[in-house]
Amino acid sequence: MRIQKCYIGYCVATWVLWSITLVLVPISGGAFDVHNEALYYFVNKLSNISVLISWIPIHPIFFILSLISSIKNKRKGFTAFNIVSIILTTILAFAILGNHVWLMGGV
């Protein structure tokens, strides 16, 4: 179950980072409408880190390994968490990518 605990910790860390980014991007403004210039540069760096984490396939690898482990050990709570977490991770990752495009000024 060590892989499950690592996956839960990684999910919580990335979800918190992504949530902070998603909250701060509208406050700082986009590339063509900057509301707070000092915050914009901070959020720009934070968004770059968030997008990098979104592109590295750690979530899918952890998901598969922890799902197999939870099914093998017959832990229904962890299995349910794994399924919900991959859905939430996908939604947040697409939101981060969309916000990053808006923050950078388009594709």
Side-chain angles (χ1 to χ4, degrees):
M1 295 277 61
R2 188 176 309 169
I3 190 73
Q4 184 68 43
K5 291 181 181 179
C6 289
Y7 181 58
I8 291 172
Y10 187 75
C11 282
V12 168
T14 56
W15 293 344
V16 167
L17 175 68
W18 290 345
S19 298
I20 290 170
T21 305
L22 288 172
V23 168
L24 290 179
V25 165
I27 294 171
S28 70
F32 301 113
D33 185 26
V34 177
H35 302 294
N36 187 341
E37 189 173 336
L39 184 62
Y40 176 78
Y41 292 111
F42 172 73
V43 173
N44 190 2
K45 301 286 185 201
L46 191 64
S47 181
N48 288 336
I49 293 168
S50 298
V51 168
L52 180 66
I53 289 174
S54 298
W55 281 102
I56 298 173
I58 294 174
H59 268 288
I61 293 168
F62 267 148
F63 165 71
I64 291 169
L65 293 176
S66 62
L67 184 65
I68 290 170
S69 173
S70 66
I71 291 172
K72 183 178 176 182
N73 294 326
K74 297 179 183 174
R75 304 278 179 125
K76 293 181 182 178
F78 287 143
T79 305
F81 172 80
N82 291 333
I83 293 169
V84 170
S85 72
I86 199 65
I87 293 169
L88 182 61
T89 297
T90 304
I91 292 169
L92 285 174
F94 279 119
I96 282 295
L97 293 173
N99 263 348
H100 187 71
V101 168
W102 179 65
L103 190 67
M104 294 294 120
V107 285

Quick check: does any side chain N or O of N73 sit under 3.5 Å from a backbone N or O of S69, one acting as donor and the other as acceptor?
yes
Spacing of OG belonging to S66 relative to CD1 belonging to I61, to within rounding of 0.5 Å
11.5 Å
What I'd like to find out is whether the side chain of F78 reaches to under 4.5 Å of the side chain of I71, using heavy atoms alone.
no
Interatomic distance, S47 atom OG to I20 atom CD1 [nearest 0.5 angstrom]
13.0 Å
Side-chain donor-acceptor pair under 3.5 Å between N99 and T21, yes or no?
no
Could you pull out all residues at least two apart from F42 that satisfy side-chain contact (heavy atoms from CB on, under 4.5 Å)?
L24, L39, L46
Here the gap from I86 atom CD1 to F81 atom CZ, rounded to the nearest 0.5 Å, amounts to 10.0 Å
Pair F62, C11 - check side-chain contact (heavy atoms from CB on, under 4.5 Å), show working.
CA-CA 9 Å; F62 267 148; C11 282; over 6 Å; no
Mind checking whether T79 and K74 have side chains closer than 4.5 Å, heavy atoms only?
no
Pairs involving residues 16-40, ordered by first then second residue, that meet ring pair (Phe, Tyr, Trp, His ring centres under 6.0 Å) (sequence neighbours left out)
W18-H59
Check F63 against N82 and note the closest heavy-atom contact, atom names and distance.
CE1-O, 3.2 Å
From L103 CG over to H100 NE2, what is the distance, rounded to the nearest 0.5 angstrom?
7.0 Å
Should V84 and Y7 be counted in the same cluster of Ile, Leu, Val, Met, Phe, Trp and Tyr side chains packed under 4.5 Å apart?
no
Only one of I96, I58, T14 passes side chain to side chain contact (heavy atoms under 4.5 Å, CB included) with I53; say which it is.
T14
So how far is it from I56 CD1 to L52 CG, rounded to the nearest 0.5 Å?
4.0 Å
Once rounded to the nearest 0.5 Å, what's the spacing between atom OG of S70 and atom CD1 of I3?
11.5 Å
